Amino acid sequence: MEHMKVFNTLTRKKEEFIPIKEGEYKIYVCGPTVYNYIHIGNARPAVIFDTLRRYLEYRGNTVRYVSNITDIDDKIIKKANEEGVSFDTVARKYESEYYTDLDGMNVKPADARPRVSDTIPEIIDITQTLMDKGHAYKTENGDVYFRVHSFAEYGKLSHQPLEDLESGARIAMGEIKESPVDFALWKASKPGEPQWASPFSAGRPGWHIECSAMSKKHLGETIDLHCGGEDLIFPHHENEIAQSECASDKIFAHYWMHNAFLNVDNQKMSKSLNNFFTVRDISKEYGYEVIRYFLLTAHYRSPLNFTREIIAQCKSSLERIYTAREQLDFLMANTTGTQDTIKAAADKAKADFISVMNDDLNTADGLSKIFELVTAINTTGTLQTKQALEYAATMFDELCGVLGILYNRKTDEIPQQVKDLVAERSEVRQAKNWKRADEIRDELAALGYEVKDTPQGPQILNK
RNA sequence: GGUGCCAUAGCCAAGCGGUAAGGCAGAGGUCUGCAAAACCUCUAUUCUCCAGUUCAAAUCUGGAUGGCACCUCCA
(Lines give C-alpha, C1' and ligand atoms only; values in the text may rest on other atoms or scores of the structure.)
Protein backbone atom coordinates (compact mmCIF):
# COMPACT_ATOMS: atom_id res chain seq x y z
CA MET A 1 0.00 0.00 0.00
CA GLU A 2 1.36 3.32 -1.04
CA HIS A 3 0.98 6.14 1.45
CA MET A 4 1.02 9.86 0.88
CA LYS A 5 3.62 11.94 2.62
CA VAL A 6 2.79 14.67 5.08
CA PHE A 7 4.90 17.15 7.00
CA ASN A 8 4.75 16.09 10.62
CA THR A 9 5.22 18.99 13.02
CA LEU A 10 6.41 16.52 15.62
CA THR A 11 9.49 15.54 13.64
CA ARG A 12 9.60 18.55 11.32
CA LYS A 13 9.96 16.19 8.40
CA LYS A 14 7.86 14.93 5.57
CA GLU A 15 6.93 11.39 6.48
CA GLU A 16 4.95 8.57 5.02
CA PHE A 17 1.49 8.89 6.50
CA ILE A 18 0.94 5.41 7.86
CA PRO A 19 -2.21 4.84 9.90
CA ILE A 20 -2.41 2.63 12.96
CA LYS A 21 -4.73 0.37 11.06
CA GLU A 22 -4.07 0.10 7.34
CA GLY A 23 -6.75 1.83 5.31
CA GLU A 24 -8.31 3.64 8.27
CA TYR A 25 -7.42 7.11 9.43
CA LYS A 26 -8.53 8.75 12.65
CA ILE A 27 -8.29 12.51 12.36
CA TYR A 28 -9.09 15.28 14.80
CA VAL A 29 -9.23 18.91 13.73
CA CYS A 30 -9.46 21.74 16.21
CA GLY A 31 -12.64 23.66 15.49
CA PRO A 32 -13.55 27.25 16.24
CA THR A 33 -14.67 29.06 19.34
CA VAL A 34 -18.15 30.13 18.40
CA TYR A 35 -18.61 33.72 19.47
CA ASN A 36 -18.93 35.32 16.02
CA TYR A 37 -19.09 34.51 12.32
CA ILE A 38 -15.90 32.78 11.25
CA HIS A 39 -13.36 34.83 9.37
CA ILE A 40 -11.55 33.77 6.22
CA GLY A 41 -8.56 32.66 8.28
CA ASN A 42 -10.74 30.19 10.14
CA ALA A 43 -11.80 28.81 6.81
CA ARG A 44 -8.30 27.68 5.94
CA PRO A 45 -7.94 24.66 8.25
CA ALA A 46 -11.56 23.72 7.60
CA VAL A 47 -11.02 23.55 3.85
CA ILE A 48 -7.48 22.18 3.87
CA PHE A 49 -8.14 19.30 6.20
CA ASP A 50 -11.44 18.57 4.49
CA THR A 51 -9.42 18.25 1.31
CA LEU A 52 -6.99 15.92 3.05
CA ARG A 53 -9.91 13.82 4.16
CA ARG A 54 -11.41 13.75 0.68
CA TYR A 55 -8.06 12.75 -0.77
CA LEU A 56 -7.52 9.92 1.69
CA GLU A 57 -11.01 8.66 0.94
CA TYR A 58 -10.41 8.97 -2.79
CA ARG A 59 -7.36 6.76 -2.35
CA GLY A 60 -9.52 4.06 -0.87
CA ASN A 61 -9.21 4.68 2.84
CA THR A 62 -11.94 5.16 5.36
CA VAL A 63 -11.56 8.25 7.48
CA ARG A 64 -13.07 8.92 10.85
CA TYR A 65 -13.01 12.68 11.01
CA VAL A 66 -13.83 14.61 14.16
CA SER A 67 -13.95 18.36 14.57
CA ASN A 68 -15.12 20.09 17.68
CA ILE A 69 -17.00 23.20 18.68
CA THR A 70 -15.59 25.20 21.56
CA ASP A 71 -18.72 26.54 23.19
CA ILE A 72 -17.37 27.36 26.63
CA ASP A 73 -14.89 30.18 26.56
CA ASP A 74 -14.16 33.63 27.95
CA LYS A 75 -15.05 35.36 24.71
CA ILE A 76 -18.41 33.63 24.48
CA ILE A 77 -19.19 34.44 28.09
CA LYS A 78 -18.20 38.04 27.55
CA LYS A 79 -20.43 38.37 24.53
CA ALA A 80 -23.33 36.67 26.28
CA ASN A 81 -23.04 39.00 29.22
CA GLU A 82 -22.94 42.00 26.92
CA GLU A 83 -26.09 40.86 25.20
CA GLY A 84 -27.76 39.76 28.41
CA VAL A 85 -28.29 36.19 27.23
CA SER A 86 -26.89 32.85 28.32
CA PHE A 87 -23.61 31.59 26.92
CA ASP A 88 -25.30 28.80 25.03
CA THR A 89 -27.60 31.20 23.23
CA VAL A 90 -24.54 32.85 21.74
CA ALA A 91 -22.76 29.56 21.14
CA ARG A 92 -25.71 27.85 19.43
CA LYS A 93 -26.23 30.79 17.11
CA TYR A 94 -22.67 30.97 15.87
CA GLU A 95 -22.25 27.24 15.77
CA SER A 96 -25.16 27.15 13.38
CA GLU A 97 -23.71 29.98 11.30
CA TYR A 98 -20.37 28.17 11.23
CA TYR A 99 -21.97 25.08 9.78
CA THR A 100 -23.78 27.22 7.22
CA ASP A 101 -20.41 28.58 6.10
CA LEU A 102 -18.80 25.12 6.03
CA ASP A 103 -21.66 23.81 3.98
CA GLY A 104 -21.32 26.74 1.62
CA MET A 105 -17.65 25.94 1.11
CA ASN A 106 -18.51 22.29 0.47
CA VAL A 107 -16.78 21.02 3.61
CA LYS A 108 -18.09 17.55 4.35
CA PRO A 109 -19.69 17.29 7.77
CA ALA A 110 -17.38 15.67 10.29
CA ASP A 111 -18.33 12.21 11.51
CA ALA A 112 -18.59 13.68 14.98
CA ARG A 113 -18.92 17.35 15.86
CA PRO A 114 -18.65 17.37 19.64
CA ARG A 115 -19.25 20.35 21.87
CA VAL A 116 -17.32 21.03 25.03
CA SER A 117 -20.57 21.46 26.93
CA ASP A 118 -21.51 17.88 26.02
CA THR A 119 -18.15 16.52 27.15
CA ILE A 120 -17.99 17.73 30.75
CA PRO A 121 -18.06 14.28 32.40
CA GLU A 122 -15.15 13.09 30.24
CA ILE A 123 -13.22 16.26 31.01
CA ILE A 124 -13.73 15.78 34.73
CA ASP A 125 -12.69 12.18 34.35
CA ILE A 126 -9.35 12.99 32.71
CA THR A 127 -8.70 15.77 35.17
CA GLN A 128 -9.29 13.39 38.05
CA THR A 129 -6.98 10.82 36.50
CA LEU A 130 -4.25 13.43 36.12
CA MET A 131 -4.64 14.44 39.74
CA ASP A 132 -4.55 10.84 40.89
CA LYS A 133 -1.34 10.28 38.98
CA GLY A 134 0.31 13.39 40.35
CA HIS A 135 0.24 15.29 37.07
CA ALA A 136 -2.22 17.89 38.34
CA TYR A 137 -2.97 19.73 41.51
CA LYS A 138 -5.77 21.76 42.99
CA THR A 139 -5.36 25.21 44.44
CA GLU A 140 -7.21 26.70 47.38
CA ASN A 141 -9.80 28.44 45.26
CA GLY A 142 -10.74 25.24 43.41
CA ASP A 143 -8.71 25.64 40.23
CA VAL A 144 -6.89 22.60 38.92
CA TYR A 145 -3.58 23.01 37.14
CA PHE A 146 -1.49 20.67 35.09
CA ARG A 147 1.97 20.15 36.56
CA VAL A 148 4.10 20.71 33.47
CA HIS A 149 7.33 19.61 35.15
CA SER A 150 5.82 16.17 35.67
CA PHE A 151 5.92 15.49 31.94
CA ALA A 152 9.48 15.01 30.74
CA GLU A 153 8.58 15.29 27.08
CA TYR A 154 6.91 18.66 27.41
CA GLY A 155 7.95 20.84 24.45
CA LYS A 156 8.36 18.00 21.95
CA LEU A 157 5.85 19.42 19.51
CA SER A 158 6.87 23.07 19.63
CA HIS A 159 10.53 22.08 19.96
CA GLN A 160 11.10 24.54 22.72
CA PRO A 161 13.14 23.80 25.83
CA LEU A 162 11.05 24.10 28.94
CA GLU A 163 13.31 26.81 30.37
CA ASP A 164 12.64 29.07 27.40
CA LEU A 165 8.93 28.55 27.69
CA GLU A 166 9.14 29.28 31.36
CA SER A 167 10.85 32.61 30.84
CA GLY A 168 8.16 33.67 28.41
CA ALA A 169 5.24 32.54 30.52
CA ARG A 170 3.18 34.87 32.60
CA ILE A 171 1.11 34.46 35.66
CA ALA A 172 -2.31 36.00 35.31
CA MET A 173 -3.93 37.85 38.12
CA GLY A 174 -5.23 35.60 40.83
CA GLU A 175 -3.42 32.47 39.73
CA ILE A 176 -1.52 30.47 42.26
CA LYS A 177 0.62 28.02 40.39
CA GLU A 178 3.64 25.93 41.22
CA SER A 179 5.25 27.00 37.98
CA PRO A 180 4.44 29.77 35.53
CA VAL A 181 4.10 27.22 32.73
CA ASP A 182 1.42 25.23 34.50
CA PHE A 183 -1.94 25.65 32.84
CA ALA A 184 -5.52 25.34 33.98
CA LEU A 185 -7.47 22.12 33.54
CA TRP A 186 -10.40 23.34 35.56
CA LYS A 187 -11.35 26.86 36.60
CA ALA A 188 -13.50 27.57 39.61
CA SER A 189 -16.30 29.76 38.37
CA LYS A 190 -16.52 33.43 39.04
CA PRO A 191 -19.81 35.33 39.32
CA GLY A 192 -21.61 35.62 36.00
CA GLU A 193 -19.97 32.56 34.52
CA PRO A 194 -21.57 29.24 33.64
CA GLN A 195 -20.58 26.41 35.94
CA TRP A 196 -20.69 22.67 36.26
CA ALA A 197 -20.40 20.60 39.39
CA SER A 198 -17.18 18.65 39.82
CA PRO A 199 -15.17 17.01 42.59
CA PHE A 200 -12.80 19.99 42.45
CA SER A 201 -15.17 22.92 42.51
CA ALA A 202 -18.17 24.33 40.73
CA GLY A 203 -16.55 25.62 37.63
CA ARG A 204 -15.69 25.10 33.99
CA PRO A 205 -12.98 23.39 31.99
CA GLY A 206 -9.80 25.07 30.80
CA TRP A 207 -9.20 25.42 27.12
CA HIS A 208 -6.75 22.63 26.36
CA ILE A 209 -8.37 19.79 28.25
CA GLU A 210 -11.48 19.88 26.09
CA CYS A 211 -9.72 18.64 22.96
CA SER A 212 -7.99 15.87 24.86
CA ALA A 213 -11.35 14.75 26.17
CA MET A 214 -13.25 15.04 22.90
CA SER A 215 -10.54 13.33 20.91
CA LYS A 216 -10.46 10.43 23.33
CA LYS A 217 -14.22 10.17 23.50
CA HIS A 218 -14.76 10.04 19.76
CA LEU A 219 -11.55 8.51 18.45
CA GLY A 220 -9.88 6.70 21.32
CA GLU A 221 -6.65 7.27 23.22
CA THR A 222 -4.33 7.19 20.23
CA ILE A 223 -5.20 8.77 16.91
CA ASP A 224 -3.42 9.07 13.60
CA LEU A 225 -3.53 12.78 13.00
CA HIS A 226 -4.31 15.90 14.94
CA CYS A 227 -4.38 19.18 13.07
CA GLY A 228 -5.19 22.86 13.18
CA GLY A 229 -3.72 26.29 12.60
CA GLU A 230 -0.02 26.79 13.29
CA ASP A 231 -0.73 29.16 16.15
CA LEU A 232 -2.14 26.23 18.06
CA ILE A 233 1.18 24.41 18.20
CA PHE A 234 1.98 26.26 21.36
CA PRO A 235 0.49 26.17 23.86
CA HIS A 236 -2.70 24.42 22.85
CA HIS A 237 -1.41 21.29 21.16
CA GLU A 238 1.65 21.00 23.36
CA ASN A 239 -0.69 20.97 26.33
CA GLU A 240 -3.03 18.47 24.77
CA ILE A 241 -0.14 16.09 24.33
CA ALA A 242 0.90 16.53 27.95
CA GLN A 243 -2.60 15.92 29.29
CA SER A 244 -3.48 13.02 27.05
CA GLU A 245 -0.19 11.17 27.27
CA CYS A 246 0.08 11.59 31.02
CA ALA A 247 -3.46 10.34 31.46
CA SER A 248 -3.24 7.36 29.12
CA ASP A 249 0.48 6.53 29.06
CA LYS A 250 0.05 6.19 25.32
CA ILE A 251 0.99 8.27 22.31
CA PHE A 252 -1.74 10.83 21.73
CA ALA A 253 -1.32 11.41 17.99
CA HIS A 254 1.25 9.97 15.59
CA TYR A 255 1.10 12.90 13.18
CA TRP A 256 0.49 16.61 13.60
CA MET A 257 -0.28 18.91 10.70
CA HIS A 258 -0.56 22.68 10.89
CA ASN A 259 -1.68 25.17 8.29
CA ALA A 260 0.02 28.54 7.93
CA PHE A 261 -1.85 31.77 8.48
CA LEU A 262 -3.79 33.82 6.06
CA ASN A 263 -2.90 37.49 5.82
CA VAL A 264 -4.82 40.41 4.40
CA ASP A 265 -2.79 42.83 2.30
CA ASN A 266 0.26 41.05 3.69
CA GLN A 267 -0.70 41.92 7.23
CA LYS A 268 -2.13 39.85 9.97
CA MET A 269 -5.87 40.10 10.12
CA SER A 270 -6.99 42.07 13.09
CA LYS A 271 -9.88 44.21 14.11
CA SER A 272 -7.64 47.17 14.90
CA LEU A 273 -6.22 47.21 11.36
CA ASN A 274 -9.75 47.09 10.03
CA ASN A 275 -8.82 44.30 7.65
CA PHE A 276 -11.08 41.68 9.14
CA PHE A 277 -13.18 39.68 6.70
CA THR A 278 -15.78 37.09 7.56
CA VAL A 279 -16.46 34.16 5.29
CA ARG A 280 -20.06 35.29 5.21
CA ASP A 281 -19.28 38.74 3.84
CA ILE A 282 -16.85 37.51 1.21
CA SER A 283 -19.30 34.82 0.14
CA LYS A 284 -21.95 37.44 -0.50
CA GLU A 285 -19.60 39.29 -2.79
CA TYR A 286 -17.86 36.45 -4.61
CA GLY A 287 -19.61 33.23 -3.63
CA TYR A 288 -18.44 30.50 -1.29
CA GLU A 289 -16.81 28.37 -3.92
CA VAL A 290 -14.27 31.03 -4.84
CA ILE A 291 -13.17 31.10 -1.21
CA ARG A 292 -12.54 27.39 -1.29
CA TYR A 293 -10.70 27.65 -4.58
CA PHE A 294 -8.60 30.51 -3.25
CA LEU A 295 -7.56 28.49 -0.21
CA LEU A 296 -6.36 25.69 -2.48
CA THR A 297 -4.18 27.90 -4.68
CA ALA A 298 -1.25 27.87 -2.28
CA HIS A 299 0.41 25.09 -0.34
CA TYR A 300 -1.15 24.84 3.12
CA ARG A 301 2.16 25.44 4.92
CA SER A 302 2.80 28.71 3.09
CA PRO A 303 1.36 32.00 4.24
CA LEU A 304 -1.53 32.98 2.01
CA ASN A 305 -2.36 36.56 1.17
CA PHE A 306 -5.92 37.73 0.72
CA THR A 307 -6.83 40.72 -1.41
CA ARG A 308 -9.81 41.52 -3.59
CA GLU A 309 -7.58 41.42 -6.64
CA ILE A 310 -6.49 37.86 -5.84
CA ILE A 311 -10.03 36.70 -5.16
CA ALA A 312 -11.12 38.20 -8.47
CA GLN A 313 -8.34 36.27 -10.22
CA CYS A 314 -9.52 33.09 -8.55
CA LYS A 315 -13.03 33.71 -9.78
CA SER A 316 -11.78 33.91 -13.37
CA SER A 317 -9.69 30.78 -12.97
CA LEU A 318 -12.60 28.82 -11.56
CA GLU A 319 -14.70 30.06 -14.45
CA ARG A 320 -12.29 28.42 -16.88
CA ILE A 321 -12.79 25.08 -15.16
CA TYR A 322 -16.56 25.43 -15.25
CA THR A 323 -16.55 26.42 -18.91
CA ALA A 324 -14.50 23.38 -19.83
CA ARG A 325 -16.85 21.11 -17.91
CA GLU A 326 -19.93 22.56 -19.62
CA GLN A 327 -18.11 22.23 -22.91
CA LEU A 328 -17.54 18.57 -22.15
CA ASP A 329 -21.27 17.95 -21.73
CA PHE A 330 -22.03 19.81 -24.93
CA LEU A 331 -19.41 17.85 -26.82
CA MET A 332 -20.66 14.54 -25.52
CA ALA A 333 -24.07 15.34 -26.96
CA ASN A 334 -22.77 16.58 -30.29
CA THR A 335 -19.45 14.98 -31.15
CA THR A 336 -18.89 13.02 -34.33
CA GLY A 337 -15.24 12.29 -33.63
CA THR A 338 -13.49 8.96 -33.83
CA GLN A 339 -10.41 9.44 -31.66
CA ASP A 340 -9.95 8.52 -28.04
CA THR A 341 -6.66 10.22 -27.25
CA ILE A 342 -8.35 12.25 -24.53
CA LYS A 343 -8.39 9.10 -22.44
CA ALA A 344 -4.62 9.09 -22.21
CA ALA A 345 -4.64 12.78 -21.29
CA ALA A 346 -7.16 12.08 -18.55
CA ASP A 347 -5.14 9.16 -17.25
CA LYS A 348 -2.05 11.32 -17.16
CA ALA A 349 -3.86 14.12 -15.36
CA LYS A 350 -5.05 11.68 -12.75
CA ALA A 351 -1.65 10.07 -12.27
CA ASP A 352 0.05 13.44 -12.02
CA PHE A 353 -2.62 14.69 -9.66
CA ILE A 354 -2.11 11.76 -7.33
CA SER A 355 1.62 12.19 -7.49
CA VAL A 356 1.55 15.82 -6.36
CA MET A 357 -1.18 15.33 -3.79
CA ASN A 358 0.81 12.46 -2.33
CA ASP A 359 3.57 14.95 -1.69
CA ASP A 360 2.20 16.67 1.38
CA LEU A 361 -1.11 17.66 -0.16
CA ASN A 362 0.12 19.98 -2.88
CA THR A 363 -3.24 21.38 -3.84
CA ALA A 364 -1.75 24.22 -5.89
CA ASP A 365 -0.03 21.70 -8.11
CA GLY A 366 -3.15 19.56 -8.06
CA LEU A 367 -5.11 22.43 -9.57
CA SER A 368 -2.51 22.80 -12.30
CA LYS A 369 -3.11 19.17 -13.28
CA ILE A 370 -6.81 19.89 -13.63
CA PHE A 371 -5.94 22.83 -15.86
CA GLU A 372 -3.81 20.57 -18.02
CA LEU A 373 -6.86 18.39 -18.54
CA VAL A 374 -8.90 21.49 -19.30
CA THR A 375 -6.48 22.42 -22.06
CA ALA A 376 -6.56 18.88 -23.44
CA ILE A 377 -10.36 19.00 -23.60
CA ASN A 378 -10.48 22.43 -25.18
CA THR A 379 -7.90 21.51 -27.76
CA THR A 380 -9.24 18.20 -29.00
CA GLY A 381 -13.00 18.73 -28.65
CA THR A 382 -15.03 17.21 -31.42
CA LEU A 383 -12.27 14.90 -32.57
CA GLN A 384 -13.05 12.57 -29.67
CA THR A 385 -15.69 9.87 -29.47
CA LYS A 386 -18.53 10.24 -27.05
CA GLN A 387 -17.19 7.40 -24.95
CA ALA A 388 -13.75 8.97 -24.73
CA LEU A 389 -15.27 12.27 -23.64
CA GLU A 390 -17.35 10.51 -21.03
CA TYR A 391 -14.21 8.90 -19.72
CA ALA A 392 -12.54 12.30 -19.46
CA ALA A 393 -15.62 13.78 -17.78
CA THR A 394 -15.60 11.09 -15.13
CA MET A 395 -11.95 11.75 -14.38
CA PHE A 396 -12.54 15.48 -14.41
CA ASP A 397 -15.33 15.18 -11.87
CA GLU A 398 -13.26 12.85 -9.72
CA LEU A 399 -10.33 15.20 -9.44
CA CYS A 400 -12.48 18.25 -8.88
CA GLY A 401 -14.38 16.28 -6.28
CA VAL A 402 -11.20 15.57 -4.35
CA LEU A 403 -10.49 19.27 -4.17
CA GLY A 404 -14.12 19.90 -3.40
CA ILE A 405 -14.66 22.32 -6.25
CA LEU A 406 -17.12 22.35 -9.15
CA TYR A 407 -20.10 21.74 -6.89
CA ASN A 408 -22.31 24.53 -8.19
CA ARG A 409 -23.07 23.23 -11.65
CA LYS A 410 -26.58 24.00 -12.78
CA THR A 411 -28.08 20.74 -13.83
CA ASP A 412 -31.75 21.72 -14.00
CA GLU A 413 -33.69 20.74 -17.07
CA ILE A 414 -33.77 23.57 -19.57
CA PRO A 415 -37.32 25.03 -19.67
CA GLN A 416 -39.32 24.67 -22.86
CA GLN A 417 -39.63 28.45 -23.04
CA VAL A 418 -35.86 28.74 -23.27
CA LYS A 419 -35.62 25.98 -25.83
CA ASP A 420 -38.30 27.69 -27.93
CA LEU A 421 -36.49 31.00 -27.81
CA VAL A 422 -33.23 29.38 -28.86
CA ALA A 423 -35.00 27.63 -31.72
CA GLU A 424 -36.59 30.89 -32.82
CA ARG A 425 -33.22 32.58 -32.66
CA SER A 426 -31.72 29.93 -34.93
CA GLU A 427 -34.47 30.59 -37.45
CA VAL A 428 -34.11 34.37 -37.46
CA ARG A 429 -30.34 33.99 -37.72
CA GLN A 430 -30.89 31.88 -40.82
CA ALA A 431 -32.88 34.82 -42.17
CA LYS A 432 -30.08 37.15 -41.03
CA ASN A 433 -32.48 39.01 -38.78
CA TRP A 434 -29.71 40.02 -36.39
CA LYS A 435 -31.85 42.54 -34.55
CA ARG A 436 -34.34 39.91 -33.42
CA ALA A 437 -31.51 37.45 -32.71
CA ASP A 438 -29.89 39.91 -30.33
CA GLU A 439 -33.23 40.66 -28.69
CA ILE A 440 -33.67 36.99 -28.00
CA ARG A 441 -30.23 36.82 -26.46
CA ASP A 442 -31.28 39.58 -24.09
CA GLU A 443 -34.50 37.78 -23.28
CA LEU A 444 -32.57 34.61 -22.52
CA ALA A 445 -30.19 36.55 -20.32
CA ALA A 446 -33.16 37.88 -18.39
CA LEU A 447 -34.25 34.29 -17.82
CA GLY A 448 -30.77 33.39 -16.61
CA TYR A 449 -29.55 31.64 -19.72
CA GLU A 450 -26.79 32.35 -22.18
CA VAL A 451 -26.48 31.07 -25.69
CA LYS A 452 -23.25 30.50 -27.58
CA ASP A 453 -23.07 29.84 -31.30
CA THR A 454 -20.79 26.93 -32.11
CA PRO A 455 -20.07 24.92 -35.26
CA GLN A 456 -22.21 22.21 -33.66
CA GLY A 457 -25.15 24.55 -33.16
CA PRO A 458 -26.27 26.72 -30.26
CA GLN A 459 -25.00 25.86 -26.78
CA ILE A 460 -27.34 26.85 -23.97
CA LEU A 461 -25.75 27.73 -20.65
CA ASN A 462 -27.59 28.13 -17.38
CA LYS A 463 -25.88 31.04 -15.67
C1' G B 1 16.36 37.52 23.57
C1' G B 2 14.64 32.08 22.22
C1' U B 3 12.42 28.96 18.08
C1' G B 4 10.98 28.59 13.14
C1' C B 5 9.25 30.12 8.16
C1' C B 6 9.40 32.92 3.59
C1' A B 7 11.55 35.94 -0.83
C1' U B 8 10.21 32.82 -8.46
C1' A B 9 7.27 37.53 -14.44
C1' G B 10 2.28 43.12 -13.77
C1' C B 11 -0.55 39.68 -10.09
C1' C B 12 -1.25 34.54 -7.83
C1' A B 13 1.76 30.24 -7.67
C1' A B 14 4.41 25.10 -8.37
C1' G B 15 9.17 23.35 -8.77
C1' C B 16 13.68 22.22 -3.99
C1' G B 17 20.81 19.62 -7.70
C1' G B 18 20.13 18.66 -14.34
C1' U B 19 19.01 23.62 -17.31
C1' A B 20 11.82 27.98 -15.22
C1' A B 21 4.59 23.96 -14.51
C1' G B 22 -0.21 26.09 -14.17
C1' G B 23 -3.76 30.24 -13.53
C1' C B 24 -5.15 35.62 -13.82
C1' A B 25 -4.12 40.12 -16.37
C1' G B 26 -1.89 42.17 -21.12
C1' A B 27 -0.50 42.33 -26.77
C1' G B 28 -1.30 40.27 -31.66
C1' G B 29 -3.90 36.58 -34.56
C1' U B 30 -7.82 32.56 -35.85
C1' C B 31 -13.04 31.50 -35.46
C1' U B 32 -17.89 34.56 -35.20
C1' G B 33 -23.39 38.61 -38.36
C1' C B 34 -22.05 40.56 -33.53
C1' A B 35 -20.93 38.19 -29.03
C1' A B 36 -19.08 34.62 -25.69
C1' A B 37 -15.91 30.75 -25.09
C1' A B 38 -11.94 28.39 -27.17
C1' C B 39 -7.46 27.89 -29.93
C1' C B 40 -2.44 29.80 -31.84
C1' U B 41 1.75 33.24 -31.00
C1' C B 42 4.21 36.67 -27.65
C1' U B 43 5.01 38.14 -22.35
C1' A B 44 11.27 35.52 -16.34
C1' U B 45 18.28 33.78 -20.70
C1' U B 46 16.23 33.84 -15.25
C1' C B 47 14.32 32.68 -9.71
C1' U B 48 15.97 39.53 -3.57
C1' C B 49 21.44 40.51 -3.38
C1' C B 50 26.76 38.87 -2.55
C1' A B 51 30.19 35.01 -2.01
C1' G B 52 31.11 29.63 -2.05
C1' U B 53 30.49 24.07 -3.15
C1' U B 54 29.59 21.36 -7.89
C1' C B 55 30.61 19.12 -14.52
C1' A B 56 25.78 21.34 -13.31
C1' A B 57 22.17 25.64 -8.26
C1' A B 58 15.95 28.89 -8.32
C1' U B 59 17.13 24.39 -5.81
C1' C B 60 23.03 22.99 -1.29
C1' U B 61 26.41 26.21 2.22
C1' G B 62 27.77 31.02 4.43
C1' G B 63 26.59 36.14 4.64
C1' A B 64 23.48 40.53 3.60
C1' U B 65 18.68 42.82 2.86
C1' G B 66 13.48 42.62 3.23
C1' G B 67 8.93 40.25 5.13
C1' C B 68 6.16 36.81 8.49
C1' A B 69 4.92 33.64 12.64
C1' C B 70 5.13 31.38 17.65
C1' C B 71 7.15 32.15 22.71
C1' U B 72 0.85 36.80 24.95
C1' C B 73 -6.09 30.99 25.26
C1' C B 74 -5.74 34.47 17.52
C1' A B 75 -7.10 29.27 12.71
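Because the structure is a prediction, the values reported are computed rather than measured. Naming: A, B, ... by sequence-line order, numbering from 1 per chain.
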Report the residues that fulfil ring-ring contact (aromatic ring centres under 6.0 Å, His included) with Phe277(A), sequence neighbours left out, ordered by chain and then residue number. Phe306(A)
Counting only side-chain N and O atoms of Arg12(A), is one of them less than 4.0 Å from OP1 or OP2 of G4(B)? yes
For Ser244(A), which residues count as a side chain to side chain contact (heavy atoms under 4.5 Å, CB included) partner, sequence neighbours excluded? Ser212(A), Phe252(A)
Could you tell me if Tyr65(A) and Asp50(A) have a donor-acceptor pair between their side chains, going purely by distance under 3.5 Å? no
With sequence neighbours excluded, residues passing side chain to side chain contact (heavy atoms under 4.5 Å, CB included) with Leu383(A): Gln339(A), Thr380(A)
Sequence-distant partners of Arg115(A), side chain to side chain contact (heavy atoms under 4.5 Å, CB included), two or more places apart: Ile69(A), Asp71(A), Arg92(A), Glu95(A), Ser117(A), Asp118(A)
Those residues at least two apart in sequence (or on a different chain) that pass side-chain hydrogen bond (donor to acceptor under 3.5 Å, both in side chains) with Glu153(A) are Lys156(A)
Applying side-chain hydrogen bond (donor to acceptor under 3.5 Å, both in side chains) to Gln327(A) and not counting sequence neighbours gives none
What is the nucleic acid contact for Phe261(A), judged by heavy atoms within less than 4.0 Å: base, sugar-phosphate only, or nothing? base
What pairs with Ala112(A) under side chain to side chain contact (heavy atoms under 4.5 Å, CB included), at least two apart in sequence or on another chain? Arg64(A), Val66(A), Pro114(A), His218(A)
So what does Asn362(A) hit on the nucleic acid, given a heavy-atom distance under 4.0 Å: a base, only sugar-phosphate, or nothing? sugar-phosphate
So which of residues 453-463 of chain A are in contact with RNA chain B, with a heavy-atom cut-off of under 4.0 Å? Asp453(A)
Categorize Asp231(A) for me: base, sugar-phosphate, or nothing, with a 4.0 angstrom heavy-atom threshold over every strand shown. base
Whether each nucleotide of nucleotides 20-25 of chain B has a protein heavy atom under 4.0 Å at its base (B), only at its sugar-phosphate (S) or at neither (-) is summarised, 5' to 3', as -BSBBS
